[in-house]
Undergrad: 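I have a structure I would like to understand better, so I am pasting it below and will then ask my questions one at a time.
Just so it is clear: chains get the letters A, B, ... in the order the sequence lines come, proteins before strands, and each one is counted from 1.
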2 protein chains.
Amino acid sequence: MTPQPRTLDHPDRSEIRLEDVLHALSDPVRLQVVCFLAAGGESSCSAIDLAVSKSTTTHHFRVLREAGVIRQVYRGTAKMSSLRHEDLDALFPGLLDTVVTAYDAQRARLS
Amino acid sequence: MTPQPRTLDHPDRSEIRLEDVLHALSDPVRLQVVCFLAAGGESSCSAIDLAVSKSTTTHHFRVLREAGVIRQVYRGTAKMSSLRHEDLDALFPGLLDTVVTAYDAQRARLS
DNA sequence: GCCATACTACGACAGCTATCGTACAAGGGT
DNA sequence: ACCCTTGTACGATAGCTGTCGTAGTATGGC
């Protein structure tokens, strides 16, 4: 009987650290998630087809959230995720777009 | 009796991966190194005052080199390091400048 | 009330990482 | 030849990371 059991901790904008964001972005699975969200806006965790188990997916989303890269809210049984584009751009102008563009380009280059 | 004992392995431009670069940049010590090199050009390993031991410094420079972020050459007893700005810009346009600017801004913000 | 869907929690585990100290090697100057 | 400076190699260690499976919780529909 927890009063608000479905609330998720997000770092405040002022608590977001570049090194944590870069670390969160340094994994191929998480880069794929970020690129997906950049292209498609808000999505549920299961909307992205990742090559890892559900537990691992949960783990990667948590890493992204705790680094301040994404925001997650519960909507029914689903958990919707979206990029914190505005916060990231205010702190690190251009970083997110640069990384997304670079990863898309790398995938195109390697395919 | 190694013929060329003082040669260092660098990844070819085509072998550089975004996730490895981001991982290399996700450590405060290495970010400090990269910002220093971005501001000052080529430097020896010992020209930067880092808060870690010499062994650890060697480790961090190797991580940066193996990810393709810096190039290192021996010059006498010194080992000079410089950013692979051209390679990185060709692969991931704007990334390096964005990260350097962001880290400098973060340090200013937190000081 | 019951079940399906969507996600989480926990424990496990192999592998990597940052850190250090000590001992060593290469090059340059005297 | 000797030493100083500069950086490397190696081993150790504590902690983090990515991965999984299994078991569990919350929500919504029937």
Undergrad: Mind calculating the distance between OH (A:Y74) and C1' (D:dG28) to the nearest angstrom?
TA: 16 Å
Undergrad: From C-beta outward on B:A78, which listed nucleotide comes closest to its side chain: C:dC20, C:dA18, D:dG7?
TA: D:dG7
Undergrad: Whole-Å distance between C:dT19 P and B:F61 CZ?
TA: 13 Å
Undergrad: Mapping A:A51 and A:R75 onto DNA chain D by nearest heavy atom, which one lands closer to the 5' end?
TA: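 The residue closer to the strand's 5' end, by nearest nucleotide, is A:A51.
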Undergrad: What's the closest nucleotide to the A:S55 side chain, out of C:dA6, D:dC20, C:dA18?
TA: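 It is D:dC20.
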Undergrad: Considering all heavy atoms of both residues, which atom of A:P11 and which atom of A:E15 are nearest to each other, and what is their separation?
TA: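 Result for this residue pair: CA-OE1, 3.4 Å.
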Undergrad: OP1, OP2 of D:dC20 versus side-chain N and O of A:S53: anything below 4.0 Å?
TA: yes
Undergrad: May I ask you to check whether over 12 heavy atoms, not counting those of B:D9, lie within 6.0 Å of atom CG?
TA: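 Open: at most 12 neighbouring heavy atoms sit under 6.0 Å from CG of B:D9.
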Undergrad: Can you name the nearest heavy-atom pair linking A:P28 to A:Y103, along with the distance?
TA: O-OH, 3.7 Å
Undergrad: Could you state the atom-to-atom distance from CG of B:L25 to P of C:dA18 in whole Å?
TA: 12 Å
Undergrad: Choose from C:dC7, D:dG7, C:dC20 the nucleotide whose nearest atom is closest to any side-chain atom of B:T56.
TA: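 Between C:dC7, D:dG7, C:dC20, the one nearest the side chain of B:T56 would be C:dC20.
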Undergrad: Would you kindly give the CD1-to-P distance between B:I48 and D:dG7, to the nearest whole Å?
TA: 10 Å
Undergrad: Let me know the distance between CG of A:L50 and P of C:dA6, rounded to the nearest Å.
TA: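 So the two atoms are 15 Å apart, to the nearest Å.
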Undergrad: Find the distance A:L8:CG to C:dA6:P and express it as a whole number of Å.
TA: 18 Å
Undergrad: Would you kindly compare A:H23 and A:T77 by the position of their nearest DNA chain D nucleotide and give the one closer to the 5′ end?
TA: A:H23
Undergrad: Hey, mind stepping through A:I16 and A:V21 against side-chain contact (heavy atoms from CB on, under 4.5 Å) and telling me if it holds?
TA: CA-CA 8 Å; A:I16 297 175; A:V21 170; 3.6 Å; yes
Undergrad: Between atom NE2 in B:H59 and atom P in C:dT19, what is the gap in whole Å?
TA: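 Rounded to whole Å, this separation is 7 Å.
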Undergrad: Does OP1 or OP2 of C:dA18 have a side-chain N or O of B:R30 closer than 4.0 Å?
TA: yes
Undergrad: Check the surroundings of atom CD in A:E86: do more than 12 heavy atoms from other residues, nucleotides or ligands lie under 6.0 Å from it?
TA: no
Undergrad: What's the CD-P distance between B:E19 and D:dG18, to the nearest Å?
TA: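 In whole Å, D:dG18 P and B:E19 CD are 13 Å from each other.
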Undergrad: Counting only side-chain heavy atoms from C-beta out, which of D:dG7, C:dT19, C:dC7 sits nearest to A:S44?
TA: C:dC7
Undergrad: Contact class for B:T58 (heavy atom, under 4.0 Å): base, sugar-phosphate, or nothing?
TA: base
